Each structure stands twice: as C-alpha cells, then as structure tokens.
Amino acid sequence: MSPTSRSISRAGRARRARGNVATPFTAVLALFLATLLSALVSTVALAAPAHAADAYRFWGYYQLTSGTWGFATKGPDGTTPADGSVEGYRFALGDTSTPRLPRAVVTFDQACGSTPAVSGSKRVGVVVDFGRAADAREQGATVPAPYATCVTVPTSATGAQVLAAAAKPRVEKAMVCGIDGYPASGCSDTVKDVPAAAKAADQPVTIDVRPASSAGSTSASGAAASSSAAAPASSSSSSSTTAYVVGVLAVLALLAAAAWAMARRRRADGR
C-alpha cells in the first residue's frame, strides 16, 4: 500500500471514529430526554391516585331503562324525557366513577298508572332519594324519606322542567344543589376522608308514591340544571393531565426527530 493510500485510510478511520463519539449536544439531548420521560412517568403515576381519592356530596341524575337505573349522560336541561319515562335523583357521598343509584326502582306504572294521559302533554315518573344519614352534610341531620311522583308536563319539557314540576330544586350556577330544601346549603362538596359508614353498601328502602302533579307550562327559571355540573366536575383534573402528557409526547417526538436528523447528517459527513 502506498503512503498516500495509508494516509487516506487513516483519515477515513478517524472520521468514522469521530462519528461514533457522542458530541456534547448529543449528551445534553439524551439527558434532557431522560429527564422529560422521568417527569412524564412521575406525573402519570401520581395523578391517578390523587384524583381517585376525591369524593363528593352531590345530587346525581339518573334514568330508568328496562328496570335498571343508569347515570344520565346529559344534564336535566339537555334531556327531554319521553312520555312514559322515569327520572331519578339521589343525594349521596361518592364519586362519578361508582355513582350511588336511587335505592329502589319505581316503574312508570307504579308512579303514573293512576294518572290519566292528557293530549299534548306527557307523563313522567320522578323518584327523589335523599340518601342515608351517612351521606348528610351534618351529623345528626334529619334525612327526608324518599318518594316518587308523576308529573304531567308539555311534551317539549326538559328534565329540568320535569324536576321543577315534581319538586322544589335549589339551583346555583346551573347546578342542582338541593331538592325540597335538602341540603339547605352547600353544593357538590369535596370530601377528602370518606367515613366508613358512607363507604358501606346501600340497603334497600321502600319508596312511597305521592299523588301526581300537573304543570301546564313549566318554567326553566330556577330549574335549569346540568348533570355534568350537578355531578362534580371531576374531569377537569384528568383533562389537564391528558393535555400535559400530550404536550410532553409532542416535545419528545420533535427532539427525537432532530436527534435522528443530526445523527444521519454526521454519518453522511463521515463517509
């Protein structure tokens, strides 16, 4: 091999060796990515337990379907109950992931069977369950007995107007905070330490049916309610966490793309 060839060969090996050596930028980038990834994992790991620990005292909104209570997917003011349906409200201490259902099923026939149909109107059964003593805001508070009734309202009446025809809701900032004066104050209170009595399973109760009431024209004033508001706004913290995670992943993707491009450029320079 000639001296010139040996010189070219040594130069090529030197360039390849330099291409395999981590530059200060590469080292800083790797450290930065590792730090971001660690922060992301810590945030996701810590966010769920903190969120799950919160419980609330609130009026839940439910609908009876095929003899089973289900948590309403929309608020009362965003729902137009059909003729022959049954709406339910339950005050309880719990969370939205495992809602406390009304403690008894009252069918439409039981609530409205003796109420004659009226042309241009609809009949809707309403169940109001004030919950247990363990759910009350104050120890020793007298919890009203649950009841059911039937209302006759215009066919266009919303769930909020149905409730206003059946009971006296206390509404604050579009949230159903009380029904028939219970509770007298407070609204979707956050509870950090849930007592054992409140965690206990519900016991069956008997719900009496009260005489039906009619409302030729219901007013939404003082009755507009939203299930997403009456049920605590627990999705806000999870939404913030999701946005943070998406942002971090986007930054990681951009940095990874930049690192790949620089590594490719160095390999091309080393050829």
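Keep in mind that this is a model prediction, so the values were computed, not measured.
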Under 30°, 30 to 60°, or over 60°: which ring-plane class applies to Trp59 and Phe91, parallel, tilted or perpendicular? tilted

Could you give the distance from CZ (Arg103) to CG (Asp129), rounded to the nearest 0.5 Å? 4.0 Å

If you measure from CZ on Arg210 to SG on Cys150, what distance do you get to the nearest 0.5 Å? 14.5 Å

I'd like to check [X] versus [Y] (side-chain heavy atoms, cut-off strictly below 4.5 Å). Are they in contact?
{"X": "Thr155", "Y": "Asp83", "result": "no"}
{"X": "Glu87", "Y": "Gln63", "result": "yes"}
{"X": "Leu93", "Y": "Val191", "result": "yes"}
{"X": "Asp189", "Y": "Phe58", "result": "no"}
{"X": "Ile207", "Y": "Val205", "result": "yes"}
{"X": "Tyr62", "Y": "Tyr89", "result": "no"}
{"X": "Leu64", "Y": "Val105", "result": "yes"}

Of all the heavy-atom pairs spanning [X] and [Y], show the shortest one and how long it is.
{"X": "Val143", "Y": "Gly131", "result": "CG1-O, 3.2 Å"}
{"X": "Ala141", "Y": "Ala136", "result": "CB-CB, 4.1 Å"}
{"X": "Gly125", "Y": "Cys112", "result": "N-SG, 3.8 Å"}
{"X": "Thr149", "Y": "Ala212", "result": "OG1-CA, 3.9 Å"}
{"X": "Leu163", "Y": "Pro169", "result": "CD2-CB, 3.9 Å"}

Donor-acceptor contacts under 3.5 Å from residues 177-187 side chains, at least two apart:
from, atom 1, to, atom 2, distance (Å)
Asp180, OD1, Lys168, N, 2.9
Asp180, OD2, Tyr147, OH, 2.6
Ser185, OG, Arg137, NH1, 3.1

With side-chain contact (heavy atoms from CB on, under 4.5 Å) as the criterion, how do Val126 and Val162 come out once you've worked through the C-alpha distance, each side chain's angles and the decisive distance to 0.1 Å? CA-CA 8 Å; Val126 179; Val162 167; 3.5 Å; yes

Applying side-chain contact (heavy atoms from CB on, under 4.5 Å) to Thr73 and Phe71, what does each step give before you reach the verdict? CA-CA 6 Å; Thr73 57; Phe71 196 69; over 6 Å; no

Qualifying side chain to side chain donor-acceptor pair (under 3.5 Å) pairs, either residue in residues 119-128, two or more places apart: none

Between the side chain of [X] and the main-chain N/O of [Y], is any donor-acceptor distance below 3.5 Å?
{"X": "Arg90", "Y": "Leu101", "value": "yes"}
{"X": "Ser85", "Y": "Ala82", "value": "yes"}
{"X": "Asp77", "Y": "Ala160", "value": "no"}
{"X": "Thr158", "Y": "Thr80", "value": "no"}

Decide yes or no on side-chain contact (heavy atoms from CB on, under 4.5 Å) for Thr107 and Val86, but give the supporting numbers first. CA-CA 7 Å; Thr107 66; Val86 179; 5.9 Å; no

Take Arg132 and Asp202 through the test side-chain contact (heavy atoms from CB on, under 4.5 Å) and record every step on the way to the result. CA-CA 8 Å; Arg132 309 162 299 174; Asp202 287 334; 3.4 Å; yes

